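Scroll down for the structure; my scribbles are underneath it.
Every number for a ligand or one of its atoms is a count from 1 in the order of the listing. For clarity, every value in this text was computed on a predicted model and none was experimentally measured.
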Amino acid sequence: MDFFRDNTPDDSWEKLRSDCAGCMNCELGRTRKNLVFGVGLETADVMFIGEGPGEQEDLQGEPFVGPAGKLLDTMLEIIDLDRTKVYIANIVKCRPPRNRDPLPDEQSACIGWLRRQMDLVDPKILVFLGRIAAQVFIRPDFRISREHGQWFDVEGRRAMAIYHPSALLRDPSKRPETFVDLKALQRQIESLHD
Ligand code: URA
């Protein structure tokens with residue numbers, strides 16, 4: 001068992017939200033406008049994990065509401081999902097300045113909140129949006145360009161990484177590969193109900 005994980009069976013969404021509110025575990029707490037906790041179905045089969053809030057997310061306190069979020073909504077729609085059917089959260093809950101990658105110290109300071117969310121949702125399938133989340137949960141040297149769309153076992157759950165929607169906005173030539181990955185995800189979801 002992971003020593004740093006809060007596996008207490010009496011954890012609850014209410015407790016987690018109140019523990020997390022006002023978090024100052026790292027420097028990002030000083031510059032945020034809003035902490036971005038997570039959104040979606042608290043009993044979802046599928047949990048999407050991004051990197052960290054951007055400008056719009058920081059302003060609105062909700063993950064994936066900026067341009068990348070609009071594309072994520074379209075990606076979900078392609079496989080008959082929407083935000084009410086999945087849970088969406090990030091590795092870090094506060095916006096890194098100028099949207100830089102969250103630093104290793106910031107990730108470690110924040111990851112306990114996400115782990116408690118994962119324990120509470122208890123999803124069957126994890127989808128990592130981009131390299132950063134995949135490197136945290138699959139392998140530190142995970143290569144998104146080579147390994148997106150492959151299935152892994154992460155702590156007993158089926159797990160796949162796909163390109164981050166921001167990467168797909170920057171480079172639309174990656175979209176066909178992501179379409180294939182999304183279809184594989186859809187099949188995996190369907191197989192849960194066989
Ligand atoms: N990018 C992320 O990784 N997460 C968000 O919530 C928004 C943009």
Side-chain angles (χ1 to χ4, degrees), residues 16-17 20-21 23 25-29 31-42 44 46-78 81-118 121 123 125-138 140 142-145 147-149 154 159-172 174-175 177-178 181-182 185:
L16 176 54
R17 280 179 194 282
C20 184
C23 174
N25 284 355
C26 80
E27 290 293 306
L28 299 181
T31 48
R32 71 170 172 241
K33 296 205 166 50
N34 286 291
L35 185 148
V36 179
F37 181 77
V39 75
L41 179 65
E42 292 176 351
V46 190
M47 184 160 171
F48 286 77
I49 300 174
E51 185 179 312
E55 186 181 19
Q56 282 307 313
E57 291 77 18
D58 182 47
L59 287 171
Q60 297 182 45
E62 193 172 319
F64 286 99
V65 287
K70 300 282 168 276
L71 183 55
L72 178 61
D73 285 337
T74 306
M75 290 158 68
L76 293 176
E77 227 173 84
I78 287 171
L81 293 177
D82 61 53
R83 288 176 186 248
T84 67
K85 297 180 184 155
V86 301
Y87 196 84
I88 305 173
N90 283 306
I91 296 291
V92 295
K93 303 219 173 311
C94 300
R95 183 189 181 198
R98 296 174 306 282
N99 297 345
R100 63 157 168 74
D101 290 351
L103 303 174
D105 278 0
E106 294 160 354
Q107 296 180 30
S108 338
C110 204
I111 201 77
W113 304 128
L114 179 63
R115 288 204 164 274
R116 284 174 63 183
Q117 284 171 301
M118 280 170 61
V121 176
I125 299 171
L126 295 169
V127 182
F128 304 118
L129 297 168
R131 171 182 62 88
I132 299 272
Q135 289 184 340
V136 170
F137 284 96
I138 300 176
F142 186 88
R143 297 279 304 271
I144 191 79
S145 53
E147 299 179 277
H148 68 85
V154 171
M160 174 197 276
I162 63 177
Y163 282 115
H164 193 288
S166 300
L168 300 174
L169 287 173
R170 279 194 303 272
D171 181 2
K174 292 185 164 76
R175 290 187 190 195
E177 294 168 77
T178 303
D181 297 346
L182 289 170
L185 170 61

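- Contact between Phe64 and Glu57 at its shortest, heavy atoms only, is N-CG, 3.3 Å.
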**OP:** Could you walk me through whether Glu27 and Arg95 pass salt bridge (charged side-chain N to carboxylate O under 4.0 Å, His left out), step by step?
**Re:** CA-CA 10 Å; Glu27 290 293 306; Arg95 183 189 181 198; over 6 Å; no

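- Counting only N and O atoms by type, the side chains of Lys70 and Gln56 include no donor and acceptor under 3.5 Å apart.
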**OP:** Would you check, one step at a time, whether the test salt bridge (charged side-chain N to carboxylate O under 4.0 Å, His left out) holds for Arg98 with Glu55?
**Re:** CA-CA 8 Å; Arg98 296 174 306 282; Glu55 186 181 19; over 6 Å; no

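- Results of the side chain to side chain contact (heavy atoms under 4.5 Å, CB included) test with Arg116 over Ile111, Leu16, Val121 single out Leu16 as the only residue that passes.
- Lys93 and Cys110 make their closest contact through N-SG, 3.3 Å (heavy atoms, listed as atom of the first residue, atom of the second, distance).
- Protein residues with any heavy atom under 4.0 Å from ligand 1: Gly50, Glu51, Gly52, Glu57, Pro63, Phe64, Asn90, His164.
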